[in-house]
Amino acid sequence: MSLEQAARDLTQAVSGIDYDGAEVHKCRVALHGGMASAAPDELAAALRGLVYRMLADGVVSNFDLHALVGDVLVERGLPAPRNPPELIAYIKGESPTRGADSSVAGQFQFYEWQAAAYDWEDGDKQHPAGHYVWGEGIPSGVPKFKDVPTLIVGPQTIRRSWNNARTFGGLKSNVTVTEELKEDEVVSLLAEMKAAVVPVEPVETQA
């Protein structure tokens, strides 16, 4: 048994993520602009109205998910500072050392799919903090829309950085884009997500 296969088996045992099934690797990333006051206009415009289907392989923590998805988005032209390539290679398991920089800088804000119901065009409204996908979680905990884990990505509202230690040194990880949805598909998908959000009823209090 290879070291990588042993790491995959251990990962499945402690997290419940089966890395032998391709379905668990698929994820959907929808990008939203809005909140221009929280980000440069260039970023807000670039984020608006894009949806990517991605394949995440061997990613066992949301910190790694944030770092690798962020790197893919910057690589595809989104205007945000890119983390050093040596650090990304370390997270992927392609390098034994992190290089000169040991901390990953957050580039975007990640939300659950239910945040699609938020009015992203109104920069004065509070961002949907109740739907953050925090780095402290695991990818299998990202809520699914139509059986696919789905992230909404917006401009960064909380500047975060973290020291990235490899969870399993023998397990390589990667995030790749498999498809970019067409404009009409994006509009339809976001409308479906918005319609599927269950409204939160206000709690009545007794006087």
- Message: Please check: side-chain N/O of T150 versus main-chain N/O of V148, any donor-acceptor pairing under 3.5 Å?
- Response: yes
- Query: Going through the distances and angles, do V186 and E183 end up as a side-chain contact (heavy atoms from CB on, under 4.5 Å)?
  - Reply: CA-CA 5 Å; V186 171; E183 184 177 353; 5.6 Å; no
- Closest heavy-atom contact between N62 and G135? CB-O, 3.5 Å
- When you measure from the side chain of D57 to the backbone N and O of N174, does any donor-acceptor pair fall under 3.5 Å? no
Can you give the donor-acceptor pairs under 3.5 Å from side chains of residues 69-83 to other protein atoms, not counting sequence neighbours?
| from | atom 1 | to | atom 2 | distance (Å) |
| --- | --- | --- | --- | --- |
| D71 | OD1 | R82 | NE | 2.8 |
| D71 | OD2 | R82 | NH2 | 3.2 |
| N83 | OD1 | A105 | N | 2.9 |
| N83 | ND2 | A105 | O | 3.1 |

- Return the minimal non-hydrogen interatomic distance between V133 and L151, and the atom names on each side. CG2-CD2, 3.8 Å
- Query: Can you name the side chain to side chain contact (heavy atoms under 4.5 Å, CB included) partners of A196, sequence neighbours left out?
  - Reply: W113, F145
- Message: I need the minimum non-hydrogen distance between L55 and T178, along with the two atoms involved.
- Response: CB-CG2, 3.9 Å
- Item | Spacing of E136 atom CD and W162 atom CH2 [to the nearest 0.5 Å] | 9.5 Å
- Query: Got a donor-acceptor contact below 3.5 angstrom from the H66 side chain to the S61 backbone?
  - Reply: no
- Message: Between the side chains of E86 and K92, is the shortest nitrogen-to-carboxylate-oxygen separation below 4.0 Å, so that they form an ion pair?
- Response: no
- Verdict with reasoning, L68 to S173, per side-chain contact (heavy atoms from CB on, under 4.5 Å): CA-CA 9 Å; L68 296 180; S173 59; 3.9 Å; yes
- Query: Can you name the side chain to side chain contact (heavy atoms under 4.5 Å, CB included) partners of S95, sequence neighbours left out?
  - Reply: A89, T97
- Item | Within the 6.0 Å centroid threshold, strictly below: Y111 and Y132 | yes
- Item | Under 3.5 Å donor-acceptor, Q156 side chain and G106 backbone | yes
- Query: Same hydrophobic cluster for V51 and V187, using side-chain heavy-atom links shorter than 4.5 Å among ILVMFWY?
  - Reply: no
- Donor-acceptor contact present, side-chain E179 to main-chain R53, <3.5 Å: no
- Just how far is it from atom CZ of R160 to atom CD of Q109, taken to the nearest 0.5 Å? 8.5 Å
- Task: Give, for atom CD of E185 and atom CD of E180, the distance between the pair rounded to the nearest 0.5 Å.
- Result: 10.5 Å
- Message: So that I can tick it off, tell me whether K146 and E192 are bridged by a salt bridge, with the cut-off set at under 4.0 angstrom between side-chain N and carboxylate O.
- Response: yes
- Message: Pair T176, Y52 - check side-chain hydrogen bond (donor to acceptor under 3.5 Å, both in side chains), show working.
- Response: CA-CA 10 Å; T176 55; Y52 295 115; over 6 Å; no
- Would you give the length of the straight line joining atom CG of N163 to atom CZ of R98, rounded to the nearest 0.5 angstrom? 6.0 Å
- Item | Stepwise side-chain contact (heavy atoms from CB on, under 4.5 Å) test for V60 and I138 | CA-CA 6 Å; V60 299; I138 58 176; over 6 Å; no
- Message: How close do I88 and A67 get, counting heavy atoms only, and between which atoms?
- Response: CD1-O, 4.1 Å
